[in-house]
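To start, the structure itself, in structure tokens.
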Amino acid sequence: MYKVRFVNPQKQYADHRDELLGAMDEVLKRGALVTPKDLAVFEEKFAELCEARYGIATNSGTSALDIALQAAGVGPGDEVITVAHTFIASISTICMTGAKAVLVDVGRDFNMDASKIEEAISPQTKAIMPVHFNGRLCDMEAVMEIAKRKGLIVIEDAAQALGATMKMADGTVKKAGTFGLVGCFSLYWAKALGGPGTAGIAVTDDAEVARKLRLMRYNGEDREDRHFYYHAHNFLLDNIKAAFLLVKMKYFPEWLRRRKEIAEMYRKGLENVKGVKQLPHFDDDRRSDIYNNYVILVERRDELKKYLDDNQSAETLVQYATPNYEEPVMKETKGKLWRFGNLNATSLPVTEEICKDVISLPMYPELTNEQVDYVIETIKNFYK
Ligand SMILES: Cc1ncc(COP(=O)(O)O)c(C=O)c1O
């Protein structure tokens, strides 16, 4: 048993058990299992939290991306620009519409390098899908400027970025998910705001797009007139999960504050450790990151992980360590369903460099200061 676990959902559940069970019990007692009150209230409150007009909840973040692409009219013959340092769903949802995913490199902050977008644009380009990775926004000022100039739709994969913000040149502070046409969030249990299993939500300011999203997440049916307007999946979020998430949402601002506090502790403890090549703190006071994951770049990554595992000290995860284009499905479909943004590219150099060194440290609000200090000390010991 690790002294500090990578995740600890049991602790959060124990802290709020009565309230969570009470909310779910209410739903079951009312027999209101699908669509009514709790789901609608959750959608409204979530949209408020993001400062968007509409929220359409789904059974996963992947489903939210799926309906967002469909609602944007992405389909065969189109291209959508995204990255190869992401969870595969960003790319797969594009490919599943029949469109082609066009992969550009990321910067050292793990996010889409906006300077690589223009060379990836072709006459077929319909949309850009920036992925706000690890809880940090892409440079949305730059992405939106290009999208506007080139007439492209933006669909944000904000799966990991609920609550992340960016101050724009005009002084307004905008939240993840509200820059483009649709913003898609994952509410998977391990995310900063997580349901009891899988869940997701799409947000938008556009009333017509909201209607499409709502119909497309539930068999294409308009629940008012009971007619079917699209061939669509059933991606609905259960009412019982919405009730669970509504309880958790109350605590989210406090959890976010604690994440940032833990990130600061890691920064102070690890910033001068020889062997630690990069901490996820980047000089840009426009952006406020939420540290959905706390990912560092280190020397001798696999040895460090083995050391921590052998001693059962701190549990870490080497995740997103394979450039997506190295996955079997991508090798099989190259050319047909995806291409590199720069047509001469055979790989994406920063993506590859990052993948070699990434390791994720425990990051959840229930971590105690003693546990964070312990993780820092064990890493320091390894590099001594
Ligand atoms: C960047 C990114 N996009 C999409 C998804 C898909 O979300 P879900 O797992 O809720 O389907 C995830 C989930 O891990 C993600 O991290």
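Side-chain atoms are counted along with the backbone in the values below, which use heavy atoms only and exclude waters and symmetry mates. Everything quoted here is computed from the prediction, not taken from an experiment. Residues: numbered from 1 along the sequence shown. For ligands, and for the atoms within them, numbers begin at 1 and follow the listed sequence.
Within a 6.0 Å radius of CZ in Phe179, other residues, nucleotides and ligands contribute more than 12 heavy atoms. Atom NZ of Lys250 sits in a crowded spot, with more than 12 heavy atoms from other residues, nucleotides or ligands closer than 6.0 Å.
Between His132 and Glu156 there is a side-chain heavy-atom pair separated by less than 4.5 Å. Taking 4.5 Å as the limit, every side-chain heavy atom of Ser186 sits out of range of all side-chain heavy atoms of Phe87.
The line from CD1 of Ile201 to SG of Cys50 is 7.0 Å long, rounded to the nearest 0.5 Å. Taken from CD in Gln371 to CD in Glu366, the straight-line distance is 10.0 Å, to the nearest 0.5 Å.
Using a 4.0 angstrom heavy-atom cutoff, Lys191 counts as in contact with ligand 1. Residue Ala199 places a heavy atom less than 4.0 Å from ligand 1.
For atom 11 (O) of ligand 1, the closest heavy atom belonging to the protein is Thr62 OG1, 2.5 Å. Gln160 NE2, 2.8 Å is the protein heavy atom nearest to atom 16 (O) of ligand 1. Summary of contacts: the protein heavy atom closest to atom 5 (C) of ligand 1 is Phe87 CD2, 3.5 Å. Counting only heavy atoms of the protein, atom 3 (N) of ligand 1 lies nearest to Asp157 OD2, 2.7 Å.
Residue Ile81 forms a side chain to side chain contact (heavy atoms under 4.5 Å, CB included) with just one option from Ile146, Val154, Ile94, Ile121, and that option is Ile121.
Side-chain atoms of Lys3 and Thr378 form no donor-acceptor pair, as typed in the model, at a separation below 3.5 Å. Judged purely by distance below 3.5 Å, without hydrogens or angles, the side chains of Asp66 and Gln70 pair a donor atom with an acceptor atom.
Inclusion of Ser186 in the set of residues having an N or O under 3.5 Å from an N or O of ligand 1 is warranted. Checked against a 3.5 angstrom limit, the closest N/O atoms of Tyr188 and ligand 1 fall outside it. Residue Gly61 has at least one N or O atom closer than 3.5 Å to an N or O atom of ligand 1.
Applying the 4.0 Å criterion to heavy atoms of Thr86 picks out, from ligand 1, the atoms 1 (C). In the vicinity of Val131, heavy-atom distances shorter than 4.0 Å reach the ligand 1 atoms 1 (C). For ligand 1, the atoms lying closer than 4.0 Å to a non-hydrogen atom of Tyr320 are 16 (O).
Considering only non-hydrogen atoms, atom 15 (C) of ligand 1 lies nearest to Ala159 out of Ser63, Gly194, Ala159.
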